[in-house]
Amino acid sequence: MAAYPDANSSKIAANAVAIVKQIDERLALGLRTRGLMAEAASVQARDRSIGTALQEHDLKIGGNLLVMGGYGHSRVRDFVLGGATEDILTDLRLPVLLSH
């Protein structure tokens, strides 16, 4: 599962999201050709934290493991925007494999 922000904010963001979605589709196809179940999906966080949204979606589709990159950002950025990694780790709902 890959996460990226809503593209409604600008044309540049919309173009970036379109490129990321193409990459997601290629990644899912690559995993499927290797015998793994994979599907690219868009998840809207709405009024939930990104960590909650990702885990709820994973559980909804029958996932039993969330694989994600764990990248650090500046303390100011994480304070203002929040961090998905910290959000996931403070409210674990299923096993998580982190890679950096």
Side-chain angles (χ1 to χ4, degrees):
M1 181 180 319
Y4 38 85
D6 187 7
N8 293 331
S9 58
S10 72
K11 185 167 178 70
I12 293 172
N15 289 338
V17 169
I19 291 168
V20 170
K21 286 182 179 180
Q22 289 176 356
I23 293 169
D24 288 350
E25 290 292 340
R26 288 182 187 171
L27 176 61
L29 177 61
L31 292 171
R32 285 193 301 271
T33 61
R34 288 162 179 79
L36 300 170
M37 291 178 46
E39 175 184 333
S42 176
V43 178
Q44 299 293 321
R46 297 197 190 345
D47 61 344
R48 304 169 293 177
S49 69
I50 187 62
T52 299
L54 290 174
Q55 291 185 89
E56 286 179 356
H57 179 74
D58 198 15
L59 292 168
K60 178 180 154 189
I61 63 171
N64 55 13
L65 175 68
L66 177 61
V67 179
M68 63 182 290
Y71 300 95
H73 300 287
S74 74
R75 293 185 189 270
V76 173
R77 182 189 181 278
D78 281 347
F79 176 76
V80 173
L81 299 176
T85 305
E86 181 180 358
D87 200 30
I88 294 282
L89 294 176
T90 57
D91 183 23
L92 288 172
R93 298 179 183 203
L94 69 158
V96 176
L97 175 64
L98 290 171
S99 176
H100 179 79

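Here the structure is a predicted model, which means the values were calculated and not measured.
Both Leu59 and Ile88 are assigned to one and the same hydrophobic cluster, defined by single-linkage of ILVMFWY side chains at heavy-atom distances under 4.5 Å.
Between atom CD of residue Gln55 and atom NZ of residue Lys60 there is a gap of 15.5 Å, rounded to the nearest 0.5 Å. Taking CG from Leu31 and CZ from Arg34, the interatomic distance works out to 7.5 Å, rounded to the nearest 0.5 Å. Distance CG/Asp58 to CG/Leu94: 5.0 Å, rounded to 0.5 Å.
Of all the heavy atoms in Asp87 and Ser49, the pair that sits closest is OD2-OG, 2.6 Å. Here the shortest heavy-atom pairing between Ala45 and Ala53 reads CA-CB, 3.7 Å. Residue Ala28 comes nearest to Ala40 through the heavy atom pair CB-N, 3.9 Å, listed as atom of the first residue, atom of the second, then distance.
Remark: Thr33 pairs with Leu29 by the side chain to side chain contact (heavy atoms under 4.5 Å, CB included) rule, at least two apart or across chains. Partners of Leu98 according to the side chain to side chain contact (heavy atoms under 4.5 Å, CB included) rule, which considers only residues two or more places apart in sequence or in another chain, are Met68, Thr85, Leu89, Val96. With sequence neighbours excluded, the residues satisfying side chain to side chain contact (heavy atoms under 4.5 Å, CB included) with Leu97 are Leu65, Val67. Scanning for side-chain hydrogen bond (donor to acceptor under 3.5 Å, both in side chains) contacts around Gln22 gives an empty result, with sequence neighbours left out. Every residue two or more places apart in sequence or in another chain that forms a side chain to side chain contact (heavy atoms under 4.5 Å, CB included) with Glu56 is listed here: Arg48, Thr52, Arg93. For Arg32, there are no salt bridge (charged side-chain N to carboxylate O under 4.0 Å, His left out) partners at least two apart in sequence or on another chain.
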